[in-house]
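The structure under discussion is supplied below as structure tokens; questions concerning it will follow.
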Amino acid sequence: MYCRKNSIIRKKILAYYENNKRDLPWRTEQDNNQNPYFTLVSEVMLQQTQVNTALVYYKKFIKKWPNLNSLAQANIEDVLTMWSGLGYYSRAKNLLKAAKIINQKHNGIIPEKYEDLICLPGIGEYTASAIVSFAFGKFSVVIDTNIKRFITRVNGLNKNDMVNKLKFNEIGKKMFPKSNSGKFAQAIMDFSSDICTKINPSCTKCFLKNYCKFDLSLEKNYERKKVKKKFSVVFFYIFKNKYFFLKKRDISGTLGGMYEVPGTAWQLKSWPKPYIKFKSISALTKTIRYKLSNTDLHTKIYKVNVKNKDDIKDSGIWVSKSDLEGFPLSVLTKKIIMYCMNEK
DNA sequence: AACCCGGGGGC
DNA sequence: GCCCCAGGGTT
């Protein structure tokens, strides 16, 4: 059934986009014909990460690996080093894996079919539909949280409406334009970051205010807040002159393949064996409280000045400050190193 | 210090 | 569906 309201929304959103669209480096071609590789890299970086944060990494990444083939030849340590500080490092691993699979099974060409894309590691429903419509110009209902919020607000939905994935898709199918779905999705995202923001949306100046059933009171107390889990960890900054000791984490598991100053697991039970002997000679240097999405990390840092590098009965490497940019390090590891290096 | 933003994957 | 992922941002 033809819906006049959706037609007006489409027209106004697309017009807004023409005049206000963000100038982003992956939006290189026409709106439904973006470079598929640029789309892939940017959309993976934008998973759980906001545009301004991803931008710097995106530019560095594309400069180093300008096309899919070059990325497929890369090694994981270089990709993780590039990703250092961006977080959620399994994205980097999956992106490299996906590039290698595309090289082997798809002749180096990023597949155009949703069914092929969604089989690649790190590519889920959102990213697959984004590539399909942004790069290949096919109709696809792209659903991210901005678009969910938009659909919820325009239709005045509330928590009693039991809105789930299917419902969003159903509404989206009627709302997204048949020939410009990718452009429309990107338009809503820009609109959401500018006008239809989560907090304090600019409803009074919004060009859709007469077509929107949004009621601020409906949105209050939607989510209940989660309690962050607390963990205690100990790290050892072991140094001799300007060199300090780094250990590579096992490639599988959390932060796999990243380097760190050696430490305990998240639940502190006892000091790991190679470091027990430092217990008596080192004093607590610093406690850092480091908060992430779901965790509240209490880290204790011990600085240990060793006389001989052989004192460490553990596998690892000795590096100095100037070597650091060549290694994949998490933000917390960087903080610990910076603190210990600068502290007298 | 207390919130907010946010997609994939494993279960 | 729900939880986790070892971030970054604003107020």
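Chain letters run A, B, ... following the sequence lines, proteins first and then strands; every chain starts at 1.
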### Query
Heavy atoms under 4.0 Å, any strand shown: does A/Thr254 hit a base, just sugar-phosphate, or nothing?
base
#### Entry: Separation of atom CG in A/Asp296 from atom C1' in B/dC3, rounded to whole Å
14 Å
### Ring-ring centroid check A/Tyr302 A/Phe235, cutoff 6.0 Å
no
### Message
Given B/dG9, B/dG7, B/dC5, identify the nucleotide with an atom nearest to the side chain of A/Asn94.
### Response
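For A/Asn94, the side-chain atoms sit closest to B/dG9.
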### Query
Rounded to whole angstroms, how far apart are CG on A/Leu292 and P on B/dC5?
18 Å
### Query
Starting at the 5' end of DNA chain B and moving along, which residue's nearest nucleotide shows up first, A/Lys291 or A/Tyr126?
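Upstream on the strand: A/Lys291.
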### Message
Heavy atoms only, 4.0 Å cut-off, all strands: where does A/Glu125 land among base, sugar-phosphate and nothing?
### Response
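Since only primed, P, OP1 and OP2 atoms lie under 4.0 Å of A/Glu125, the category is sugar-phosphate.
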### Query
Contact class for A/Leu46 vs. all strands (heavy atom < 4.0 Å): base, sugar-phosphate, or nothing?
nothing
#### Entry: Nucleotide nearest A/Gln47 when distance is taken to its side chain, options B/dG7, C/dG8, C/dC3
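The answer is B/dG7, which lies nearest to the side chain.
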### Query
Roughly how many Å is it from OH in A/Tyr259 to P in C/dA6, rounded to a whole number?
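From A/Tyr259 OH to C/dA6 P: 18 Å.
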### Query
Under 4.0 angstrom, heavy atoms only, what part of the nucleic acid is A/Arg289 near: base, sugar-phosphate, or nothing?
nothing
### Query
A/Phe235 near the nucleic acid: base, sugar-phosphate alone, or nothing, with a heavy-atom cut-off under 4.0 Å?
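Base contact.
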#### Entry: Heavy atoms of other groups near A/Lys321 NZ, more than 12 under 6.0 Å
no
### Query
In the structure shown, which nucleotide is the Watson-Crick or G-U wobble counterpart of C/dC5, with both distances under 3.5 Å?
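B/dG7 is the nucleotide pairing with C/dC5.
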### Task
Between C/dC4, C/dA6, B/dG6, spot the one nearest the side chain of A/Leu255, thanks.
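It is C/dA6.
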#### Entry: Closest nucleotide among C/dG8, B/dG7, C/dA6 to the A/Tyr89 side chain
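In terms of side-chain proximity for A/Tyr89, the closest of C/dG8, B/dG7, C/dA6 is C/dA6.
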### Message
Taking the basic N atoms (NZ, or NE/NH1/NH2) and the acidic carboxylate oxygens, is any pair closer than 4.0 Å for A/Glu125 and A/Lys165?
### Response
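Salt bridge flag = yes for A/Lys165 with A/Glu125.
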### Query
If you look at every strand shown and take non-hydrogen atoms under 4.0 Å, does A/Thr127 touch a base, only sugar-phosphate, or nothing?
sugar-phosphate
### Message
In this structure, how many angstroms lie between the P atom of B/dG9 and the CG atom of A/Leu95, rounded?
### Response
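Rounding to the nearest Å, CG of A/Leu95 and P of B/dG9 are 12 Å apart.
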### Query
Does A/Lys277 NZ have over 12 foreign heavy atoms under 6.0 Å away?
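Above 12, so yes.
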### Message
So that I can tick it off, tell me whether A/Glu260 and A/Lys334 are bridged by a salt bridge, with the cut-off set at under 4.0 angstrom between side-chain N and carboxylate O.
### Response
no
### Query
Looking only at side-chain N and O atoms, does A/Thr295 come under 4.0 Å of OP1 or OP2 in C/dC5?
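Negative; the distance criterion is not met.
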### Task
Using atom CD1 of A/Ile118 as one end and atom P of B/dG10 as the other, report the distance to the nearest whole Å.
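Spelled out: CD1 on A/Ile118 to P on B/dG10 is 13 Å.
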### Task
Answer with base, sugar-phosphate or nothing: what part of the nucleic acid does A/Asn52 contact at a heavy-atom distance below 4.0 Å?
nothing
#### Entry: Atom P, compared across B/dC11 and C/dA6: separation rounded to whole Å
16 Å
### Task
Have a look at A/Tyr88 and say if it touches a base, only the backbone sugar-phosphate, or nothing, with a 4.0 Å heavy-atom cut-off.
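The residue A/Tyr88 makes base contact.
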### Task
Any chance you could lay out the ring pair (Phe, Tyr, Trp, His ring centres under 6.0 Å) test for A/Phe191 and A/Phe184, step after step, and finish with the verdict?
CA-CA 10 Å; A/Phe191 173 69; A/Phe184 184 72; 9.9 Å; no
### Query
Could you give the CD1-to-P distance, from A/Ile251 to C/dA6, as a whole number of Å?
12 Å
### Query
If you measure from the Lys or Arg side-chain nitrogens to the Asp or Glu carboxylate oxygens, is any gap between A/Arg27 and A/Asp190 under 4.0 Å?
yes
### Message
In this structure, how many angstroms lie between the C1' atom of B/dG9 and the NZ atom of A/Lys97, rounded?
### Response
11 Å
### Message
If I take atom CE in residue A/Met45 and atom C1' in nucleotide B/dC5, what distance separates them, rounded to the nearest angstrom?
### Response
18 Å
### Task
Determine the interatomic distance between C1' on B/dG6 and the same-named atom on C/dC4; round to the nearest Å.
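Comparing C1' positions in B/dG6 and C/dC4 gives a spacing of 13 Å.
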### Task
Look at the side chain of A/Ile199 and decide which nucleotide, out of C/dA6, B/dG6, B/dC4, has an atom nearest to it.
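Of C/dA6, B/dG6, B/dC4, B/dC4 is nearest to the side chain of A/Ile199.
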#### Entry: Options C/dA6, C/dC5, B/dC4, nucleotide nearest the side-chain atoms of A/Lys198
B/dC4
